[in-house]
S.K.: 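Okay, handing you the structure first.
Chain A is the first sequence line, chain B the second, and so forth, proteins listed ahead of strands; every chain is numbered from 1.
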2 protein chains.
Amino acid sequence: MELKPVAKRFVLHWGEMGSTWGVNRTVAQIHALLFITGRPMNADEITETLDVARSNVSMSLKELSNWNLIRSVPLMGDRRDHYETTTDVWELFRTVVRERKSREFDPTIEVLRDCLKSGDIASEDKAAQMRIKETLALMEALSAWASEMIRLEPATMMKVIKLGAKVQHLVHGKQVSVKAAE
Amino acid sequence: MELKPVAKRFVLHWGEMGSTWGVNRTVAQIHALLFITGRPMNADEITETLDVARSNVSMSLKELSNWNLIRSVPLMGDRRDHYETTTDVWELFRTVVRERKSREFDPTIEVLRDCLKSGDIASEDKAAQMRIKETLALMEALSAWASEMIRLEPATMMKVIKLGAKVQHLVHGKQVSVKAAE
DNA sequence: CACAAGTTTCAGTCTTGACTGAAACAACCG
DNA sequence: CGGTTGTTTCAGTCAAGACTGAAACTTGTG
């Protein structure tokens, strides 16, 4: 399948962005392709469209499954696996946040807790101990916050985002017009 | 300078994490070192402590400057540049968010806008056009939201984070006890 | 200005991990 | 069961970019 100009640009850009994040180019491209195409595709179609090795596609599809970013859907009269991704950007965002949190945040929180528990912590100077504690506290707070936020309905999350920094008035105990959120 | 066990573990872990994010190992290690040490260090001290090439340290310090994560401080009676990083984790967090936003989000927003403006967009099917628009809208909303949030005082931001998903009640127009935020 | 101390640059090496192509494997069908 | 179609694995290749060490450069000092 030959991509139209805009779709092609989208896929290529997404691929480049992927490498800036933790994801490799092919994985990001496949995801972008499924997203923009909006219908289930089989591995051969993907291979042909992106012009990469068949096995590369196979590996990347597995990776995307691990990220919960694609699911395979059976198609009547076709033995091959077909894959699709959600076309709901909010759903997508939620998944990415959840996965990155568990890959990048949670392990670090573990290490920091472990550092503080270890007998060796006492030999560090007070200020350094304090900084580790603060780092842990910040990461725990962000982690808990993210977990809560991704449980919200897309529409609700959008409103919260749109509300933006205005929430600060709430924590300061002031009255906030709900209208501001819309 | 020989690192104490916990500091060493912290630096090594931070370095590994760095590679998962966009930052290379040495850059992340140097930053972790300055953070945990909590005092200005010169390039030679860093070189010796981390046991990497002098030039590698030089390059990495430049990279950290580009990220606004370190600043050089003059020390009385010492010609060499000494570098320090903030020891305030919230300040740190803010800087990382700002920089990542401008490196990873803003360019993508540009590309998406460009896609939608281009003459080629009309030849894509309606649903695909819609998805690009929605992606752009989401990224713009998140970008604007992040810009607002990093302007808050650390203490305020902490309260907002702690408030967490309870904000949803605000956007639904319900009464929220400020006590919940503390 | 000559020298010392400090810093930056850069060509080349090394490491990591993405990617390929072929072969092995699995499932299905006549 | 043999053949066909589809999927996965894996050893080897390749590319990107991190890292090194030496040389070039810059700045300050007697």
S.K.: Can you tell me how far P of D/dT8 sits from CG of A/Leu64, to the nearest Å?
M.R.: 13 Å
S.K.: At 4.0 Å (heavy atoms only), tell me whether A/Asp81 reaches a base, stays on the sugar-phosphate, or touches nothing.
M.R.: sugar-phosphate
S.K.: Side chains of A/Phe10 and B/Leu112: closer than 4.5 Å at any heavy-atom pair?
M.R.: yes
S.K.: State whether the side chain of A/Thr37 and the backbone N or O of A/Arg39 hold a donor-acceptor pair below 3.5 Å, judged by distance alone.
M.R.: no
S.K.: Between atom CZ in B/Arg54 and atom C1' in C/dC10, what is the gap in whole Å?
M.R.: 15 Å
S.K.: When you measure from the side-chain N and O atoms of B/Arg80 to the phosphate of C/dA5, is any distance below 4.0 Å, counting only OP1 and OP2?
M.R.: no
S.K.: Is A/Asn56 near enough to C/dA18 that one of its side-chain N or O atoms lies under 4.0 angstrom from OP1 or OP2?
M.R.: no
S.K.: Within 45° of the axis and under 6.0 Å from the centre of the six-membered ring of B/Trp67, does NZ or CZ of B/Arg103 qualify?
M.R.: yes
S.K.: Closer than 4.0 angstrom, basic N to acidic O: yes or no for B/Arg113 and B/Glu110?
M.R.: yes
S.K.: Specify the separation, in whole Å, of atom CD of A/Glu45 and atom P of D/dT5.
M.R.: 18 Å
S.K.: Ignoring backbone atoms, establish whether B/Arg25 has a side-chain N or O less than 4.0 Å from OP1 or OP2 of C/dT15.
M.R.: no
S.K.: Hey, is the side chain of A/Asn24 poking within less than 4.0 Å of OP1 or OP2 on C/dC19, counting only N and O atoms?
M.R.: yes
S.K.: Taking atom P of C/dA5 as reference, at what distance in whole Å does atom NE2 of B/His82 sit?
M.R.: 16 Å
S.K.: Got a sec: does the NZ of A/Lys4 have more than 12 other heavy atoms crowding it under 6.0 Å?
M.R.: yes
S.K.: How many whole angstroms separate atom CG of A/Leu61 from atom P of D/dG6?
M.R.: 16 Å
S.K.: Tell me whether the OP1 or OP2 atom of C/dC28 has a side-chain N or O from A/Arg79 closer than 4.0 Å.
M.R.: no
S.K.: Hey, is the side chain of B/Thr26 poking within less than 4.0 Å of OP1 or OP2 on D/dC19, counting only N and O atoms?
M.R.: yes
S.K.: Could you tell me how far apart A/Met59 (CE) and C/dA18 (C1') are, to the nearest whole angstrom?
M.R.: 10 Å
S.K.: Could you tell me how far apart A/Trp21 (CH2) and C/dA18 (P) are, to the nearest whole angstrom?
M.R.: 17 Å
S.K.: Should B/Ser58 be listed as having a side-chain N or O under 4.0 Å from OP1 or OP2 of C/dT7?
M.R.: no
S.K.: Separation of A/Ile46 atom CD1 from C/dC19 atom P, in whole Å?
M.R.: 14 Å
